[in-house]
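Only this structure's heavy atoms are used, side chains among them; waters, hydrogens and symmetry mates stay out. Just so you know, ligand 1 is whichever comes first in the structure, and atom 1 is the first atom listed for that ligand. Only a predicted model underlies this, so the values are computations on that prediction, with no experimental measurement involved.
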Amino acid sequence: KQNDDQLIIDAGQKQFGATTCGSCGMLYSADSPEDNFQHTQFHQRFLDTIKFVGWKKERIITEFWDGKIILVLPEDPKYATKKAEDVRRIADTELGFQQVSLSSPSAARTYLFINSDRMVVGCLVAEPIRQAFRVLVQPEKTKDMTKEDFMERHRAWCCSTVPEKAICGISRIWVFSLMRRKGIATRMLDTVRNSFMYGSHLTKEEIAFSDPTPDGKLFATKYCGT
Ligand code: ACO
Ligand code: ZN
């Protein structure tokens with residue numbers, strides 16, 4: 001019985017031909033020369049970008065058994081701001097953000113999660129804000145709705161029109177695909193709440209996510225307990 005099942009699964013994969021690279025996480029079709037080429041192009045560049053050699057001065061905010069969170073500020077040395085920017089670009093590409101600039105670059109704080117293999121596996125950009133619009137609960141995607149329709153509605157109709165007081169805006173949150181569901185995003189947000197304003201702890205209501213993706217919404221809903 002088990003062999004039959006296995007056979008079916010294998011046949012399905014062969015037809016689809018998709019592989020996830022165990023180092024860079026890229027999903028590509030190994031049968032396609034074009035895909036292979038794209039993967040080769042991406043692979044090393046990605047790994048170089050997330051590689052973290054260690055700095056003379058690191059602003060370590062929290063340490064864990066499997067990594068640490070460091071904070072990079074706009075006035076930090078070039079090597080630090082460049083790394084933060086390079087990782088943010090990776091996140092932006094994955095999020096489909098077109099514009100690379102931040103809304104208030106001089107006030108942006110970038111939190112990086114460095115794992116014990118010296119890789120930047122998480123990136124969070126936080127900015128001070130004064131108000132936000134609460135994300136409203138969405139109806140489920142209906143059967144005949146395309147993904148594009150769904151995304152469109154998500155982005156257009158997800159927010160209330162009543163502004164609420166907020167202090168910290170999360171403009172980007174990204175975790176390396178192979179490192180997800182290990183609480184990295186949760187730990188980055190907890191760290192932001194404890195360190196964003198000197199001497200005070202922000203409540204979950206005082207932080208706001210800007211324009212969340214479907215992944216981001218699932219995470220935010222869970223995190224905020226809404
Ligand atoms: N589907 C369903 N539930 C989820 C998902 C998901 N994709 N991701 C997180 N959750 C929920 C789960 O309940 C999870 O707890 P569990 O693993 O015990 O079930 C809980 O949130 C906590 O998840 P974490 O492990 O802390 O989150 P993770 O480190 O995996 O990072 C993130 C989540 C940042 C959304 C990641 O999936 C990611 O980088 N996605 C691609 C980029 C993206 O979409 N970012 C959000 C954009 S919105 C913005 O930037 C403002
Ligand atoms: Zn790869």
Side-chain angles (χ1 to χ4, degrees), residues 18-30 32 34-51 62 64 66-69 84 87-100 102-104 108-115 117 119-129 132-135 137-138 140-141 147 150-151 154-155 158-159 166 168-193 196 204 207-226:
T19 320
T20 300
C21 173
S23 321
C24 75
M26 182 172 164
L27 179 70
Y28 66 104
S29 163
S32 148
E34 197 186 314
D35 264 30
N36 271 308
F37 177 74
Q38 282 200 346
H39 172 237
T40 318
Q41 293 262 299
F42 175 81
H43 185 94
Q44 201 52 49
R45 195 160 31 97
F46 178 84
L47 292 179
D48 286 345
T49 304
I50 67 165
K51 187 170 83 188
T62 332
F64 305 98
D66 60 346
K68 63 185 171 193
I69 293 174
V87 175
R88 202 187 74 225
R89 283 227 176 83
I90 286 193
D92 281 358
T93 310
E94 209 171 306
L95 290 169
F97 285 7
Q98 296 301 321
Q99 98 286 19
V100 180
L102 294 164
S103 45
S104 50
R109 304 167 138 246
T110 307
Y111 293 81
L112 300 176
F113 190 109
I114 318 289
N115 75 1
D117 292 328
M119 295 193 292
V120 183
V121 294
C123 173
L124 184 158
V125 180
E127 293 170 285
I129 53 167
F133 299 91
R134 186 161 299 277
V135 174
V137 178
Q138 281 296 291
E140 287 296 307
K141 177 177 176 295
K147 194 180 171 211
F150 183 62
M151 288 288 285
H154 244 78
R155 287 184 185 255
C158 66
C159 294
C168 171
I170 308 299
S171 78
R172 319 271 201 290
I173 181 163
W174 169 87
V175 172
F176 176 29
S177 62
L178 298 175
M179 296 289 165
R180 289 182 191 159
R181 307 302 288 269
K182 296 176 193 295
I184 291 176
T186 301
R187 286 182 278 169
M188 285 200 293
L189 266 178
D190 288 343
T191 296
V192 169
R193 286 170 55 209
F196 191 77
K204 290 180 180 177
I207 54 170
F209 293 82
S210 67
D211 201 13
T213 58
D215 261 3
K217 263 198 89 198
L218 287 166
F219 166 74
T221 309
K222 179 72 194 298
Y223 184 83
C224 299
T226 53

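- Per residue H43, closest N, O or S atom to the Zn ion (ligand 2): atom name ND1.
- Scanning the protein for heavy atoms near atom 23 (O) of ligand 1, the closest one is F219 CD1, 3.6 Å.
- By the 4.0 Å N-to-carboxylate-O rule, R89 lies too far from D92 to be salt-bridged with it.
- Closest protein heavy atom to atom 45 (N) of ligand 1: I173 O, 2.8 Å.
- When hydrogens are left out, the protein atom nearest atom 26 (O) of ligand 1 is T186 OG1, 2.5 Å; that is the closest non-hydrogen contact.
- For ligand 1, the atoms sitting less than 4.0 Å from at least one non-hydrogen atom of L95 are 42 (C), 43 (C), 44 (O), 45 (N), 47 (C), numbered in the order shown with element in parentheses.
- Closest to atom 33 (C) of ligand 1, if we only count protein heavy atoms, is A185 CB, 3.8 Å.
- Checking P214, G216, S210, G183 against atom 51 (C) of ligand 1, the nearest heavy atom belongs to S210.
- Side-chain contact check for D190 versus Y223: some heavy-atom pair is nearer than 4.5 Å.
- The pair E94-R88 does not meet the salt-bridge criterion, since no charged nitrogen lies less than 4.0 angstrom from a carboxylate oxygen.
- Cation-pi geometry between K68 and F113 is not met at under 6.0 angstrom from the ring centre and within 45 degrees of the axis.
- Between I184 and V121 the shortest side-chain heavy-atom distance falls below 4.5 Å.
- When non-hydrogen atoms are compared, ligand 1 lies under 4.0 Å from neither the backbone nor the side chain of M179.
- In the displayed structure, K51 atom NZ is contacted under 6.0 Å by at most 12 heavy atoms of other residues, nucleotides or ligands.
- For the 3.5 Å distance criterion, the side chains of S210 and S171 fail to qualify, holding no donor opposite an acceptor.
- Closest to atom 37 (O) of ligand 1 among all protein heavy atoms lies R180 CD, 3.2 Å.
- The protein heavy-atom contact nearest to atom 47 (C) of ligand 1 is T213 OG1, 3.3 Å.
- The atoms of ligand 1 that sit less than 4.0 Å from any heavy atom of I184 are 26 (O), 29 (O).
- With a 4.5 Å cut-off on side-chain heavy atoms, Y28 and T20 do not count as touching.
- Taking every non-hydrogen atom of K182 and a distance limit under 4.0 Å, the qualifying atoms of ligand 1 come out as 25 (O).
- Protein heavy atom closest to atom 8 (N) of ligand 1, with residue, atom name and distance, is R181 CD, 3.8 Å.
- Annotation: atom 1 (N) of ligand 1 to nearest protein heavy atom, L218 CD1, 3.3 Å.
- Near K222, meaning under 4.0 Å from one of its heavy atoms, ligand 1 places the atoms 11 (C), 13 (O), 15 (O), 20 (C), 21 (O).
- Residue contact check: W174 has heavy atoms under 4.0 Å from atoms 39 (O) of ligand 1.
- Rounded to 10°, the angle that SG of C21 and NE2 of H39 form at the Zn ion (ligand 2) is 100°.
- A salt bridge links R187 with D66; the closest basic N to acidic carboxylate O contact falls under 4.0 Å.
- Between H43 and L47, the closest side-chain pair of non-hydrogen atoms falls below 4.5 Å.
- Selection from D215, L124, L189 by nearest heavy atom to atom 35 (C) of ligand 1 gives D215.
- Listed by atom number, the atoms of ligand 1 under 4.0 Å from P212 heavy atoms are 48 (S).
- For CZ of F64, the number of neighbouring non-hydrogen atoms (other residues, nucleotides, ligands) closer than 6.0 Å is greater than 12.
- With a heavy-atom cut-off of 4.0 Å, I170 touches ligand 1 through its backbone alone.
- Aromatic ring orientation, F46 versus W174: perpendicular (interplanar angle above 60°, classes split at 30° and 60°).
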